[in-house]
Amino acid sequence: MTLRPILIHPDPRLKKPCTPVDAITDEVRALADDMLATMYDAPGIGLAAPQVGVLKRILTMDCMKAPEPPRPMVLINPEIVWKSAETSVYEEGCLSIPDQYAEVTRPAEVRVRWLALDGSVQEEHFTGLWATCVQHEIDHLDGRLFIDYLGPIKRQLITRKMEKLKRDRARSA
Ligand code: GNR
Ligand code: NI
């Protein structure tokens with residue numbers, strides 16, 4: 001198990017659509033393992049493979065809140081098969097856009113189908129924070145970030161801050 005570095009926006013790898021996984025290999029299992037560890041370490045409630053530089057359709061998430069037991073999930077090739085007409089607004093953040101938060105409106109509930117690590121097809125109805133998180137992660141797999149839902153002024157302000165953060169980090173590294 002290895003923690004992997006998380007890419008910071010702007011990075012061309014965060015803007016590319018990811019490729020479906022065609023076989024669940026040891027490499028895929030190792031990646032999922034590393035992603036869960038990296039997500040819990042951050043800490044975050046979700047992580048998409050492109051955030052660690054792998055352009056494959058894999059995401060991890062766990063939106064349980066203490067004192068509930070954890071529920072580490074790995075979703076391979078996830079697809080939204082239904083979304084509610086009703087929407088909800090969440091203050092979103094992203095591990096690839098540290099310390100920046102903004103309200104995003106999305107369908108309040110979604111039904112998602114995916115492949116589990118054992119190769120079985122799973123389907124589940126997500127609500128609340130889980131619904132927001134799974135949509136945020138699937139967006140990553142399509143090369144979309146939450147700031148893409150903001151107006152151009154807010155988006156550019158955040159992008160400039162991230163460019164500065166990356167410069168400062170490179171200087172002190
Ligand atoms: O840790 C995270 N928190 C979060 C909060 C509100 C909406 C979405 C998220 S996902 C984010 C981790 C992340 O960047 N996943 O891609
Ligand atoms: Ni994110």
Side-chain angles (χ1 to χ4, degrees), residues 2-21 28 31-66 68-80 83-84 86-112 114 124-151 154-159 161-163 165-166 169:
T2 319
L3 298 181
R4 302 201 188 194
I6 297 174
L7 299 180
I8 304 299
H9 165 75
D11 187 296
R13 289 167 287 181
L14 294 172
K15 302 207 73 176
K16 294 206 176 104
C18 296
T19 313
V21 171
V28 167
L31 171 63
D33 229 50
D34 291 356
M35 284 174 60
L36 279 170
T38 302
M39 177 184 85
Y40 286 120
D41 178 73
I45 58 172
L47 189 70
Q51 292 181 279
V52 294
V54 178
L55 298 186
K56 287 187 183 152
R57 304 189 74 84
I58 304 174
L59 67 87
T60 58
M61 63 174 177
D62 184 349
C63 301
M64 294 303 243
K65 290 188 182 118
E68 292 173 301
R71 188 183 179 208
M73 297 190 76
V74 177
L75 281 65
I76 300 170
N77 299 342
E79 281 178 73
I80 296 174
K83 35 180 108 173
S84 64
E86 187 204 339
T87 57
S88 69
V89 180
Y90 260 97
E91 178 102 314
E92 296 199 17
C94 182
L95 294 171
S96 295
I97 312 175
D99 303 317
Q100 306 299 316
Y101 303 90
E103 289 191 339
V104 177
T105 304
R106 300 182 186 271
E109 304 188 5
V110 289
R111 192 163 181 83
V112 180
W114 71 93
E124 199 168 311
H125 186 98
F126 292 102
T127 64
L129 183 57
W130 289 88
T132 292
C133 185
V134 76
Q135 292 176 80
H136 174 116
E137 303 313 334
I138 292 172
D139 271 353
H140 275 299
L141 305 183
D142 293 325
R144 234 174 359 254
L145 301 172
F146 81 86
I147 56 170
D148 295 332
Y149 296 98
L150 310 180
K154 274 191 191 172
R155 183 165 62 243
Q156 197 164 73
L157 183 69
I158 291 175
T159 298
K161 281 186 189 164
M162 293 302 104
E163 283 166 341
L165 175 71
K166 289 175 77 171
R169 282 190 181 182

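Ligands are counted one by one from 1 in listed order, and the atoms in each one are counted from 1 as well.
- We find the CD1-CE distance between Ile8 and Met162 to be 7.5 Å, quoted to the nearest 0.5 Å.
- The heavy atom nearest to atom 3 (N) of ligand 1, considering only Ile6, Leu47, Ile45, is found in Ile45.
- Residue-to-ligand polar distances place Gly46 within reach of ligand 1: an N/O pair is separated by less than 3.5 Å.
- Contact annotation: Glu91 has at least one heavy atom less than 4.0 Å from an atom of ligand 1.
- The closest approach of His140 to the Ni ion (ligand 2), by N/O/S atoms, is made by NE2.
- Counting heavy atoms from C-beta outward, Arg169 and Leu165 have side chains that approach closer than 4.5 Å.
- Those atoms of ligand 1 with a heavy atom of Gly44 less than 4.0 angstrom away are 1 (O).
- Using a 4.5 Å heavy-atom threshold, the side chains of Val112 and Ile138 count as touching.
- The environment of Lys166 atom NZ is dense: over 12 non-hydrogen atoms of other residues, nucleotides or ligands sit within 6.0 angstrom.
- For atom 11 (C) of ligand 1, the nearest protein heavy atom (residue, atom name, distance) is Gly93 O, 3.7 Å.
- The line from CG of Leu145 to CD of Gln100 is 13.0 Å long, rounded to the nearest 0.5 Å.
- Of all the listed residues (Glu92, Glu137, His140, Arg106), Glu92 holds the heavy atom that lies closest to atom 7 (C) of ligand 1.
- Those atoms of ligand 1 with a heavy atom of Cys94 less than 4.0 angstrom away are 14 (O).
- Here the CG atom belonging to Leu47 is positioned 9.5 Å from the SG atom belonging to Cys133, to the nearest 0.5 angstrom.
- A salt bridge links Arg57 to Asp142: at least one charged side-chain nitrogen sits closer than 4.0 Å to a carboxylate oxygen.
- Aromatic ring orientation, His136 versus His140: perpendicular (interplanar angle above 60°, classes split at 30° and 60°).
- An angle of 110° is found at the Ni ion (ligand 2) between Cys94 atom SG and His136 atom NE2, rounded to 10°.
- For Leu95, a nitrogen or oxygen atom sits less than 3.5 Å from a nitrogen or oxygen atom of ligand 1, counting backbone and side chain alike.
- At under 3.5 Å, a nitrogen or oxygen of His136, whether backbone or side chain, sits near a nitrogen or oxygen of ligand 1.
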